[in-house]
There are 2 protein chains.
Amino acid sequence: MIPDMSRTPLHPTREQIELPMVLDCLSDPIRLAIVYQLAQQERVSSELRCGDFSGLGAKSNLAYHFAKLRECGLTQTRIVGTSRMTRLRREDLDARFPGLLDAVINSAARDADRLQLVPECDVAGVD
Amino acid sequence: MIPDMSRTPLHPTREQIELPMVLDCLSDPIRLAIVYQLAQQERVSSELRCGDFSGLGAKSNLAYHFAKLRECGLTQTRIVGTSRMTRLRREDLDARFPGLLDAVINSAARDADRLQLVPECDVAGVD
DNA sequence: TCCTATGTTCAAAGTTTATTGAACTATTGT
DNA sequence: ACAATAGTTCAATAAACTTTGAACATAGGA
């Protein structure tokens, strides 16, 4: 049987990633929280499931924000069974906009309270 | 006669500057071009008049974008005669979000063509 | 096969944003 | 006082964005 390629999420190439779209994507509190959590996760494994962010809103709204993150080039999504594993496109972003992602994440970390971000220890999850 | 304080533009304090608002402000191509041009200008004098940006759009639209830049804390505006002199709030931004402004400006510079930014030599202006 | 879990897609509603031109305010210079 | 300059404010419009719930699709397990 022919695999359903229409279910493979579309990602921009590295060169197609645009600065204004990335900044706009990061300016939404929910998407910033997702990116922040993905950045914390980078230390442990590199990927998280969409479902790991259910604290941030309704399912369909998260799907909307994950699509935006993917379409602007901030994240890469891979289908595993019924789940989607998402990770930051750190290499592409660092190549395209050196220092930007780290500056945003560090700035977010400093304002974690104000931005209502999850504390680091909660991110890695439970076994 | 009592000075008209209502004409003094309002600026957030350093602590009131919020990351999402700053990122959103920088995500607009016109505002990014303004910030980029102000950053180039930092090497020469520190300020520019609103009118120096007339290439970027209509007067009332620029007033709208300058107000946004000021209200989110990216710029400081000072009234001189009938003009408004605007400069980047670099110290406040660097204190609040270390490395962010430089990363954005450097990233914009790399994409200057794509973002239709003015070349550096045109920025300092004519006598 | 049926049921469940994960996530997408769609339509609708409400909100916010960008843009324009006209009217307005304030300042400078004659 | 008058005119010109610099910029703001207002009203209106069109476009884009966020959010919600319901319906849908896919994969895995009993």
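Note that the structure is a prediction, hence the values are computed from the model and not measured. In the text below, chain A, chain B and the rest are named by the order of the sequence lines, each starting its count at 1.
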Write down the distance between [atom1] ([X]) and [atom2] ([N]), rounded to a whole number of angstrom.
{"X": "Asp28(A)", "N": "dT19(D)", "atom1": "CG", "atom2": "C1'", "answer": "11 Å"}
{"X": "Asp52(A)", "N": "dA5(C)", "atom1": "CG", "atom2": "P", "answer": "16 Å"}
{"X": "Leu62(B)", "N": "dT20(C)", "atom1": "CG", "atom2": "C1'", "answer": "12 Å"}
{"X": "Ile30(A)", "N": "dT15(C)", "atom1": "CD1", "atom2": "P", "answer": "17 Å"}
{"X": "Leu32(B)", "N": "dT17(C)", "atom1": "CG", "atom2": "C1'", "answer": "17 Å"}
{"X": "Asn61(B)", "N": "dG7(D)", "atom1": "CG", "atom2": "P", "answer": "15 Å"}
{"X": "Leu56(A)", "N": "dT19(D)", "atom1": "CG", "atom2": "C1'", "answer": "14 Å"}
{"X": "Ile34(A)", "N": "dT18(D)", "atom1": "CD1", "atom2": "P", "answer": "11 Å"}

Item to check | Student check: side-chain heavy atoms of Val35(B) and Cys25(B) closer than 4.5 Å | outcome: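 Counting from C-beta outward, Val35(B) and Cys25(B) never come under 4.5 Å.
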Next on the checklist: What's the separation between atom CG in Leu69(A) and atom OG1 in Thr86(A), rounded to the nearest 0.5 Å?
Outcome noted: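 So the CG of Leu69(A) and the OG1 of Thr86(A) are separated by 8.5 Å.
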Checklist entry - In Å, rounded to the nearest 0.5 Å, how long is the span from CD1 of Ile17(B) to CD of Glu15(B)? => result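 If I round to the nearest 0.5 Å, the distance is 8.5 Å.
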Item to check | Residue closer to the 5' end of DNA chain D, Val80(A) versus Tyr64(A) (nearest nucleotide) | outcome: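 Its nearest nucleotide being more 5', the pick is Tyr64(A).
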Next on the checklist: Can you tell me which nucleotide in dT19(C), dT17(C), dA27(D) comes closest to the side chain of Thr82(A)?
Outcome noted: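 Selected nucleotide (nearest to the side chain): dA27(D).
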Checklist entry - Between dT20(D), dA6(D), dT17(C), which nucleotide has the shortest distance from any of its atoms to the side chain of Ala58(A)? => result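 Side chain of Ala58(A) sits closest to dT20(D).
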Under 4.0 angstrom between [X] side-chain N/O and [N] OP1 or OP2:
{"X": "His65(A)", "N": "dT19(D)", "answer": "yes"}
{"X": "Arg84(A)", "N": "dT26(D)", "answer": "no"}
{"X": "Arg49(A)", "N": "dA5(C)", "answer": "no"}

Next on the checklist: Hydrophobic cluster membership, with links at side-chain heavy-atom distances under 4.5 Å among I/L/V/M/F/W/Y: are Leu56(B) and Tyr64(B) in one?
Outcome noted: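 In one cluster: no.
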Checklist entry - Across the strands shown, which category fits Phe66(A) at heavy-atom distances under 4.0 angstrom: base, sugar-phosphate, nothing? => result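 Touches nothing.
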Checklist entry - Between Arg90(A) and Asp102(A), is there a side-chain N and carboxylate O pair less than 4.0 Å apart? => result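 Result for this pair is yes, salt bridge flagged.
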Item to check | Whichever of Lys59(B) and Ala67(A) has its nearest DNA chain C nucleotide further upstream toward 5' | outcome: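 Between the two, 5'-proximity favours Ala67(A).
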Next on the checklist: Between dG21(C) and Ser60(B), counting only base atoms on the nucleotide and side-chain atoms on the residue, is there a donor-acceptor pair under 3.5 Å?
Outcome noted: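 Checked by distance alone, the answer is yes.
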